[in-house]
Amino acid sequence: MDNRIRTVLGPDGTHMEQELGNMRWNLTTGEMSTIIGNPRSSLRTVVRPDGTTALENRIGSLRFSSDNGAETLI
């Protein structure tokens, strides 16, 4: 992943986010998630702010996670 700010369209609505290293900030809510895995890999684990984990797979501009479903990255 790169570190630019992007818009995410998902089942819970739209938000802005930025990813730096192994941290992803939701710029809309201010919450931070921790990303575990190689940044260049499409399959990674995400630790949410509430402590839950999810498996995430990115294919092109689509991101699929075991807890949020499909999201579109713009």
Side-chain angles (χ1 to χ4, degrees):
M1 290 269 183
D2 52 35
N3 63 1
R4 65 185 170 86
I5 295 173
R6 60 182 163 256
T7 302
V8 180
L9 305 171
D12 59 348
T14 303
H15 70 271
M16 303 289 286
E17 72 179 26
Q18 185 172 23
E19 194 170 306
L20 293 168
N22 68 333
M23 295 187 272
R24 180 185 297 154
W25 280 274
N26 181 325
L27 301 175
T28 305
T29 65
E31 295 178 323
M32 184 200 68
S33 297
T34 303
I35 311 298
I36 300 170
N38 185 334
R40 299 184 191 270
S41 174
S42 64
L43 189 61
R44 302 186 296 171
T45 301
V46 180
V47 180
R48 305 283 184 209
D50 62 1
T52 61
T53 60
L55 190 59
E56 182 177 280
N57 189 16
R58 181 173 174 192
I59 302 171
S61 63
L62 294 176
R63 182 168 66 199
F64 302 94
S65 64
S66 57
D67 61 348
N68 287 343
E71 298 175 313
T72 303
L73 308 173
I74 300 174

Identified side chain to side chain contact (heavy atoms under 4.5 Å, CB included) counterpart of Asn26 within the set His15, Met16, Gln18: His15
Results of side-chain contact (heavy atoms from CB on, under 4.5 Å) for Leu43 - residues two or more places apart only: Ser41, Leu55, Asn57
Those residues that, when tested against Met23, pass side-chain contact (heavy atoms from CB on, under 4.5 Å) (two or more places apart): Trp25, Met32
Residues in side chain to side chain donor-acceptor pair (under 3.5 Å) contact with Asp50, at least two apart in sequence or another chain: Thr52
Identify all side-chain donor-acceptor contacts of residues 67-74 below 3.5 Å with residues at least two apart in sequence or on another chain.
{"unit_1": "Asp67", "atom_1": "OD1", "unit_2": "Arg48", "atom_2": "NH2", "d": "2.9"}
{"unit_1": "Asp67", "atom_1": "OD1", "unit_2": "Ser65", "atom_2": "OG", "d": "3.2"}
{"unit_1": "Asp67", "atom_1": "OD2", "unit_2": "Arg48", "atom_2": "NE", "d": "3.0"}
{"unit_1": "Glu71", "atom_1": "OE1", "unit_2": "Arg63", "atom_2": "NE", "d": "3.0"}
{"unit_1": "Glu71", "atom_1": "OE1", "unit_2": "Arg63", "atom_2": "NH2", "d": "3.0"}

From Leu9 atom CG to Leu62 atom CG, the distance as rounded to the nearest 0.5 Å: 10.5 Å
Nearest heavy atoms of Glu56 and Val46, plus distance in Å: OE1-CG2, 3.3 Å
Under-4.0 Å salt bridge between Arg44 and Glu19: yes
pair Asn22-Ile36: side-chain heavy atoms closer than 4.5 Å: no
Pair listing, salt bridge (charged side-chain N to carboxylate O under 4.0 Å, His left out) test, anchored in residues 28-38, at least two apart: none
